[in-house]
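Contents: one structure, followed by commentary.
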Amino acid sequence: MTIRIYNSLGRTKEDFRPLDPNMVRMYVCGITAYDRCHIGHARSAVVFDVVVRHLRRQGYNVIFIRNFTDIDDKIILRAREEGVTTTKLAEREIRHFTEDMDALGVLPADVEPRATQHIPEIVSLIETLIASGHAYEASGSVYFSVRSFPAYGALSGRNIEELRSGARIAPGEEKRDPLDFALWKASKPGEPEWESPWGKGRPGWHIECSAMAMKYLGPTIDIHGGGLDLIFPHHENEKAQSEAATGRPFVRYWMHNGFVTIRGEKMSKSLGNFVTIREILSAHHPEAIRLFLLSKHYRSPLDYSEELLAESEAALERCYAALADAKKALSSCGERDRPLTDDLNEAASVVESIKERFDLAMADDFNTASAIGHLFEGVRALNRLSQSAVKAPSRRYHRPLTAGVAAIREIAGTLGILSQDPETFLRRKNLDAIARLGMDEAGILAAIERRASARAARDWTTADTVRSELERMGILLQDGPEGTTWTMKRQTQAETQGGQRP
RNA sequence: GGCGGCGUAGCCAAGUGGCCAAGGCGACGGUCUGCAAAACCGUUAUUCCCCGGUUCGAAUCCGGGCGCCGCCUCCA
């Protein structure tokens, strides 16, 4: 199936044809390691994680690189404020990031290179650019000459002359053109520094990505990803310096994810309206967070709110409940050969077709929102089969139930959800919830016992009193053929109002 | 100012020329149940911000409004 990708360069959807038919070279800009990551960083990571997972499931051999910027102005500034070295600060934040990613189920990249560990490659790339007249040295710094690269502005759709009129040269910079950008920055006293042919200094921000991408993936890579805000100047500059150095196209498909907003505004440090990944993880299941992040197409803005996260959580629970029910149904469908009704045959065919429809949605520029729609159609069809299988057992349920569970798990695997055992997930969720309320299960089980005796005696008043007492604490009872089970009441919108966060 | 995006049910969100406008959350009615819950079934947008136009036919294309947002400086 041909995948179509919206290419930021050209702003159209194009058929995806990697340089080598079965291999995908992919690079995504990671974080600058100076502070905790928020849900916006999580979105970028999860979106490209899903791209990698999907490409791999389609049979591509994906080489995936995600870098860490571990030296830059912000890191130097923050390290100074905290009185630690830039290395220590970066190490710490990289560790936090890695922990966040592990928690979110984001697969590690094949290589996670750091700028400071690639100084020789960076220096060598800069030397090439100087030799070919695309860069020049001035007082120990090296700048890229934008004028020397006529295609500059093509990626971001910017007009060079307009950019030039708005740009200015900062004090201490010796640029020949206001648009020129630093490849190498001469160090100021007290700053971290590395040896170079131009004296001690450190790499500029953009050059590290070119050097590392080309080191691990070669001069032309298939997919380069990052947040929308990286298009200009970061990716424009990366493209210019890489192509100036090699004379070959740097990236075949540029992908940019949209922002996470909060109350309609971009989440950012400067506005102070950000919510860290860690905060959200403390209140929500990681897979619910993934489902939320994937609920909208990756290029559109996604508005964050507690209510929407709670909705995703409810939707996720529904999926797990369906898998758990299907398992039970499977064990009770028996050997009797009873034909299925038309609508059940239809449910069976829905279940058998969701993989294909899911892949079709994903092939259209990774339309996860649409793909999730198909997933839920599968869930409903599976529920229908499970319910009938219990009511009117027949061995004819065996195949669609088994296929349905397998299909749902497989496509969910592309999204990085439904990876746990359903019973374990549901039980854990309940135990976690009562633990948060400071309760334990013994009390609940005792109450269920009391109610069971009352019910046996047909004392409905007592039975209902016990049940409503538990319900007031947020615990719902479910009477089934094998006795009574308990579960936590789902949070509704009304109940989450004025919830955990302002 | 330049460039770009968005406006679909109570909320979230697919769909970008033609089957009844996906799916999720919520709400309501039904099946089930002692009553419930869960699940299932049904209902919940004669209509896609507004006004014109093109077309046999438009949420989808064109023109004009209105509203919201982003980039143009570090930013996922």
Side-chain angles (χ1 to χ4, degrees), chain A residues 8 11 28-32 34-35 37-48 72-74 77 153 156-159 161-163 165-168 170 205 225-234 256-261 264-270 291-292 295-297 299-303 305 307-308 310-319 321-322 325 343 347 357 361 364 367-380 383-388 390-391 455 458-461 463-464 467-468 471 476-480 484-487 489-494:
Chain A
S8 301
R11 293 183 183 141
V28 171
C29 285
I31 56 155
T32 298
Y34 79 106
D35 204 350
C37 292
H38 56 64
I39 182 78
H41 299 97
R43 184 184 193 191
S44 184
V46 167
V47 160
F48 290 109
D72 94 319
D73 292 347
K74 287 195 296 290
L77 192 72
S156 55
R158 292 203 150 59
N159 179 307
E161 287 316 315
E162 280 171 11
L163 283 174
S165 67
R168 60 195 167 82
W205 174 35
L228 209 51
D229 46 2
L230 295 182
I231 291 183
F232 189 87
H234 185 54
H256 292 98
N257 65 277
F259 301 122
V260 173
T261 59
E265 289 193 314
K266 182 182 172 184
M267 190 178 280
S268 74
K269 303 260 167 172
S270 51
L291 193 58
F292 166 70
S295 66
K296 204 168 170 186
H297 185 86
R299 281 187 282 114
S300 305
L302 172 69
D303 204 51
S305 75
E307 290 73 24
L308 292 173
E311 278 186 27
S312 292
E313 196 124 42
L316 179 71
E317 284 168 27
R318 194 168 154 227
C319 294
D325 287 350
D343 50 323
R357 290 191 289 152
D364 182 15
N367 192 336
T368 52
S370 175
I372 288 168
H374 295 306
L375 171 67
F376 277 99
E377 282 173 26
V379 165
R380 179 190 287 159
N383 275 332
R384 212 175 293 179
L385 290 164
S386 300
Q387 178 156 304
S388 303
V390 171
K391 269 192 195 155
R455 290 182 76 211
R458 307 186 71 79
D459 177 3
W460 308 127
T461 316
D464 290 353
R467 185 171 62 196
S468 43
E471 189 172 350
L476 290 180
L477 297 187
Q478 296 177 12
D479 298 325
T484 300
T485 56
W486 64 274
T487 185
K489 207 171 171 177
R490 273 181 192 167
Q491 288 198 315
T492 62
Q493 287 188 24

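Lettering of chains follows the sequences in order, A, B, ..., and the numbering in each one begins at 1. Values reported hereafter were calculated over all heavy atoms of this structure, with side chains retained and with hydrogens, waters and symmetry mates removed. Fair warning: this is a prediction, and the values are worked out from it, not measured in the lab.
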[X] versus [Y]: any side-chain heavy-atom pair under 4.5 Å?
X        : Y        : result
A:Thr487 : A:Glu317 : no
A:Lys74  : A:Asp35  : no
A:Ile31  : A:Ser44  : no
A:Leu476 : A:Glu471 : yes

Side-chain-base donor-acceptor pair under 3.5 Å for A:Glu311 and B:G24: yes

Donor/acceptor link under 3.5 angstrom from A:Arg158 side chain onto base of B:C71: yes

Under 3.5 Å on both distances, the Watson-Crick or G-U partner of [N]:
N     : result
B:U47 : none
B:C71 : B:G2
B:G42 : B:C28
B:G52 : B:C62
B:A14 : none
B:C35 : none

Counting any heavy atom closer than 4.0 Å, what does [X] reach on the DNA or RNA strands: base, sugar-phosphate only, or nothing?
X        : result
A:Gly264 : sugar-phosphate
A:Asn383 : sugar-phosphate
A:Gly227 : sugar-phosphate
A:Val28  : nothing
A:Leu163 : sugar-phosphate

Using atom [atom1] of [X] as one end and atom [atom2] of [N] as the other, report the distance to the nearest whole Å.
X        : N     : atom1 : atom2 : result
A:Leu230 : B:G4  : CG    : P     : 20 Å
A:Ile231 : B:A76 : CD1   : P     : 14 Å
A:Arg318 : B:A37 : CZ    : C1'   : 15 Å
A:Asn159 : B:G2  : CG    : P     : 12 Å
A:His256 : B:G70 : NE2   : P     : 18 Å
A:Leu375 : B:G24 : CG    : P     : 10 Å
A:Leu302 : B:A76 : CG    : P     : 17 Å
A:Glu162 : B:C72 : CD    : C1'   : 10 Å

Closest-nucleotide 5' rank along RNA chain B - winner of A:Gly30 and A:Phe232: A:Phe232

5'-most by nearest nucleotide on RNA chain B - A:Met267 or A:Thr487: A:Thr487

Counting only side-chain heavy atoms from C-beta out, which of [options] sits nearest to [X]?
X        : options             : value
A:Asp364 : B:G15, B:A14, B:U73 : B:G15
A:His38  : B:A76, B:A14, B:G4  : B:A76
A:His297 : B:A76, B:C25, B:A14 : B:A14
A:Arg384 : B:A76, B:C40, B:A14 : B:C40

Under 3.5 Å, is there a donor-acceptor pair between the side chain of [X] and the main chain of [Y]?
X        : Y        : answer
A:Ser388 : A:Arg384 : yes
A:His41  : A:His38  : yes
A:Asn159 : A:Glu162 : yes
A:Asp303 : A:Gly264 : yes

Sticking with atom [atom1], work out how far [N] lies from [M], rounded to a whole angstrom.
N     : M     : atom1 : answer
B:G7  : B:G65 : C1'   : 14 Å
B:C40 : B:C6  : C1'   : 37 Å
B:U60 : B:G18 : P     : 11 Å
B:A76 : B:U16 : P     : 32 Å
B:G67 : B:G53 : C1'   : 23 Å
B:C49 : B:A59 : C1'   : 12 Å
B:U8  : B:U47 : C1'   : 9 Å
B:A9  : B:C28 : C1'   : 15 Å

Closest approach of A:Gly40 to A:Val260 (non-hydrogen atoms, all atoms of both residues): CA-CG2, 3.7 Å

So, is [X] near the phosphate of [N], with a side-chain N or O under 4.0 Å from OP1 or OP2?
X        : N     : value
A:Lys296 : B:A13 : yes
A:Arg380 : B:C40 : no
A:Asn367 : B:G15 : yes
A:Arg357 : B:A22 : no

Distances under 3.5 Å between protein N/O atoms and the N/O atoms of nucleotides 31-36 of chain B, please, pair by pair.
residue, atom, partner, partner atom, Å
B:G34, N7, A:Arg455, NH2, 3.4
B:G34, O6, A:Arg451, NH2, 3.2
B:G34, O6, A:Arg455, NE, 3.2
B:G34, N1, A:Asp464, OD1, 2.9
B:G34, N2, A:Asp464, OD1, 3.2
B:G34, N2, A:Asp464, OD2, 2.7
B:C35, O2, A:Arg467, NH1, 3.4
B:C35, O2, A:Arg467, NH2, 2.2
B:C35, N3, A:Arg467, NH1, 2.6
B:C35, N3, A:Arg467, NH2, 3.2
B:C35, N4, A:Asp479, OD2, 2.9
B:A36, N6, A:Asp479, O, 3.1
B:A36, N1, A:Asp479, N, 2.9
B:A36, N3, A:Arg467, NH1, 3.2

Between OG1 on residue A:Thr368 and CG on residue A:Leu291, distance to nearest 0.5 Å: 9.5 Å

From NE2 (A:His297) to CG (A:Asn257), nearest 0.5 Å: 10.0 Å

